[in-house]
Structure formats: C-alpha cells, structure tokens
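Down below is the structure, laid out as structure tokens.
The chain is numbered in sequence order, starting from 1. Owing to the predicted nature of the structure, the values given are computational and were not obtained by experimental measurement.
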Amino acid sequence: MSQLICGVRPIVLSHLRLDSFTLILIATVGLASFLPASGDFGRYFHHFSDFAIALLFFLHGARLSREAVFAGATHWRLHLLVLACTFVMFPILGVAIQAFAPTWLLPEPLAVGVLYLACLPSTVQSSIAFTSMAGGNVPAAICSASASNLIGVFLTPLLVALLMKVQGSGGMSLDSVKAIMLQLLVPFVTGHLLRPWIGGWVAGHKQLVGLVDRGSILSVVYIAFSEAVVNGLWQKMPLDGLAGMIVIACVLLVVVLVLTTLFSRWLGFNKADEIAIVFCGSKKSLASGVPIANVLFPAAQVGMIVLPIMLFHQIQLMACSALARHYAQRREAAEAGPSPQS
C-alpha cells in the first residue's frame, strides 16, 4: 500500500512547477477572462474549436491500426472501471462533500452544484487529447469517454433524481448523441478508412498530431471559459464562495486522480491503460452539464448550480495538462534509456 501511494505522489505533485504548456493554458484562461469570445467571433471560434477536435479524431483514426482499434473497443475491464469511477465513485464523493463541508466554506446552492457535478459523465475531447499527449491507450480512451458521455445522457438524470430533489421533469435529447457521432466518431472512422493512403504520412508527422492535441485543448479551454465569463461567472460568484469552491474542486480532483491511479494499478493494468483510466475516469463534462442542468433545474437556480462544474472544468484541464506532460516525459526518458557514462 505504501509503495503504491509513494508511486502516486510524484504523479500528482511533481508538476507544481509549471511547464510551458501549463503556462499557456493559464494565459488562455486569462485571455478568456479579459477578452472572452462572444458574438460573431465567439460563434466563429466555436466552429474553429469543433474543426480542431474533428481533425484530431481524423488524425487518430488514420494513425491507429485496425488491431489497435479493435483491442481498444473490446477492453471491457478498462471500460467498466472508467464507468464505475464516473458514475459510482464520484457520486459517493459528492455526497460526502455535501454532508461534511461546512456551510461557510460551501454555501447550499454550491453544495447542490457539487453533487450535480458528481453525477455528470466524463469529458470526451480533452480526455482523449490528454491520453494521446501522455502516450496512453487512445483507442480505449475514445471508446470509454464516448460511452461515458452517451450513457450519461440517460444515467445522469437518474442519479440526480436519486441523490437530490429535482423540480421539473427530466428529459433526454438526441442532440448530444448526434454531436458525438458527427464530431468524433465520423472523423475517426473516415480517417481510419483512409489509413491505407494517408497512414504513412500521418505516422511520419507525429509533431502535427501533437500540435493538434494541444491546439484542441487550448481551443476548448478558451471557448468554455469565455462562455462562463460571458454568462457572468465573476458576477455571480462571491469571493468567499469562489475561494471555498476552488479549494473543494482541487481536493476532489486530487482524491480522484489518486484513486483512479491506485485502482488501475491494483487491478493490474499496464501503463498505457492506466493513463486512459486516469484521464477518462477523473473528468466531468461541462458540455453535458450545462444543457442537462437547464432541463433538470428551475431557471433561477441553474446559474449557481453549474458554477462548480465551470470551475472544476478549468481546474481539471490545467491539472491534467501538467499530469499528461509528466507521463510523456517519463515515457520519453524510458525510451531514451540510461544516459551513457562519460
């Protein structure tokens, strides 16, 4: 047990010193705070972000072999663990936070928001992009994150109904399913079908895939935080409530990252699978959270209820970018081998 915890500590804590990509992420959040994408520019940038994500999945489809895709899709143990982390572990932690967090640290509307956050599905784009950046099992991450998002359309309202009182009736829309199919699955399948013609070129341009990985993450951060700022993030959140929510979000994320790492190692997954489990099992989707909240809660309550997921979303992106760089640097060091003695 102590060896496992010691092994986790470097993963969680070693990037307190910020690398260049994390600094760029922080700068992106600052840019969105002072110059948020809104109006026509916001719509155009949203389209650009969608294109970058679709391009990322197209390149992954062209790069991955048929055997790798099949192995990822049939890796049922990994998928079950990710779903358990997302829809069992997270809600248990959310209930514990709501029960034991003092009201001066977490006011009641934000406590409801934390519990709602815990019921949401995983992200899709950033989970896969971080898995790719870290050198993890990308096909498994694609299947796990997509399955979590699709299942969440149905399971999140049920969990919310079980764990809290909801005014109004829950509803399910096929729009999120259609968005996942068109933006993620179709480009991936198209790239994979074109692999015999473009696979060699993509494999020879790994820097291009890495650039698209990082660019898609930056675009998602900018557009997501811009929307939060335009919707009055800083006006709706009092400073003491903001500070308390940031502390709770950081603690929750650290606990989840440690637990997903420990679970993956206890169950004997290899490093590539561990990376996919950690990034897919520790995330919560802002893109799914806002529209589902609009259906489940009265309009007057939605603003405060979605604030925790807005903050958690930004924190998880910045923290996981550092974690992905840590995994990538360890992989590069392992591939390079021990340095020759002079």
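- Considering all non-hydrogen atoms of both residues, S282 and Q316 come closest at O-OE1, 4.0 Å.
- E274 and S264 make their closest contact through CG-OG, 3.2 Å (heavy atoms, listed as atom of the first residue, atom of the second, distance).
- A pairwise comparison of heavy atoms in L117 and P308 identifies CD1-O, 3.5 Å as the closest pair.
- At most 12 non-hydrogen atoms from other residues, nucleotides or ligands lie less than 6.0 angstrom from CZ of F48.
- By the side-chain contact (heavy atoms from CB on, under 4.5 Å) test, A62 pairs with I198, V202, sequence neighbours left out.
- Each of L81, V278, N137 was evaluated against D273; a single residue qualifies, N137, per the side-chain contact (heavy atoms from CB on, under 4.5 Å) test.
- Listed by chain and number, the residues in a side chain to side chain donor-acceptor pair (under 3.5 Å) with T86 amount to none (sequence neighbours excluded).
- Partners of T123 according to the side chain to side chain donor-acceptor pair (under 3.5 Å) rule, which considers only residues two or more places apart in sequence or in another chain, are S126, S127.
- Between P36 and V230 there is a side-chain heavy-atom pair separated by less than 4.5 Å.
- Looking only at distances, no side-chain donor or acceptor of S132 sits under 3.5 Å from a matching main-chain atom of I128.
- Hydrophobic clustering (ILVMFWY, side-chain heavy atoms < 4.5 Å, transitive): L262 and V251 are in one cluster.
- Every salt bridge (Lys or Arg N to Asp or Glu O under 4.0 Å) that R331 has, sequence neighbours left out, goes to E335.
- Annotation: side-chain contact (heavy atoms from CB on, under 4.5 Å) contacts of T190 (sequence neighbours excluded): F58, V186, L194.
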Exercise for the section: Give the C-alpha distance, both sets of side-chain angles, the deciding distance and a yes or no for side-chain contact (heavy atoms from CB on, under 4.5 Å) between L83 and S148. Expected result: CA-CA 6 Å; L83 291 174; S148 173; 4.2 Å; yes
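- Taking every heavy atom of both residues into account, F263 and M89 meet most closely at CE1-SD, 3.7 Å.
- Hydrophobic clustering of Ile, Leu, Val, Met, Phe, Trp and Tyr side chains at less than 4.5 Å, counting indirect connections, keeps L162 apart from F90.
- Residues passing the side-chain contact (heavy atoms from CB on, under 4.5 Å) test with V95, sequence neighbours excluded: L115, L163.
- Taking both residues in full, the closest heavy atoms of V160 and Y116 are given as CG2-CD1, 3.8 Å, listed atom of the first, atom of the second, then distance.
- Other members of a hydrophobic cluster containing F34 are absent, since no ILVMFWY side chain comes under 4.5 Å of it, directly or through relayed contacts.
- Every ring pair (Phe, Tyr, Trp, His ring centres under 6.0 Å) that F269 has, sequence neighbours left out, goes to H75.
- In this structure, C119 SG and F87 CZ are separated by 9.5 Å, a value rounded to the nearest 0.5 Å.
- The list of side chain to side chain donor-acceptor pair (under 3.5 Å) pairs with a residue in residues 46-59, not counting sequence neighbours, reads H46-D50, S49-S219, D50-Q183.
- For the pair F130/L317, a side-chain contact is recorded, criterion being any heavy-atom separation below 4.5 Å from C-beta on.
- A continuous path of ILVMFWY side-chain contacts below 4.5 Å connects W266 to V256, so both sit in one hydrophobic cluster.
- Distance CG/L80 to OG/S144: 8.5 Å, rounded to 0.5 Å.
- In this structure, I24 CD1 and M318 CE are separated by 14.0 Å, a value rounded to the nearest 0.5 Å.
- Hydrophobic clustering places V258 together with L267 (ILVMFWY residues linked when any side-chain heavy atoms are closer than 4.5 Å, directly or through intermediates).
- For Y44, the ring pair (Phe, Tyr, Trp, His ring centres under 6.0 Å) test picks out no residue, with sequence neighbours left out.
- With a 4.5 Å cut-off on side-chain heavy atoms, V82 and S122 do not count as touching.
- Looking at residues two or more places apart in sequence or on another chain, you find a side-chain contact (heavy atoms from CB on, under 4.5 Å) between A249 and M245, F312, I315.
- Every ring pair (Phe, Tyr, Trp, His ring centres under 6.0 Å) that W201 has, sequence neighbours left out, goes to H205.
- Without hydrogens or angle criteria, T260 side chain to L257 main chain gives a donor-acceptor distance under 3.5 Å.
- At a threshold of 4.5 Å between non-hydrogen side-chain atoms, the residues M133 and Y327 do not count as touching.
- Under the 4.5 Å side-chain criterion, counting only non-hydrogen atoms from C-beta, F279 is in contact with C320.
- One hydrophobic cluster, built from ILVMFWY side chains closer than 4.5 Å, holds both L31 and F41.
- Atoms NZ and CG, on K283 and L253 in that order, are 8.5 Å from each other to the nearest 0.5 Å.
- Summarising the geometry, atom CD1 belonging to I277 is positioned 10.0 Å from atom OG1 belonging to T131; distances are rounded to the nearest 0.5 Å.
- A118 and K284 make their closest contact through O-NZ, 2.9 Å (heavy atoms, listed as atom of the first residue, atom of the second, distance).
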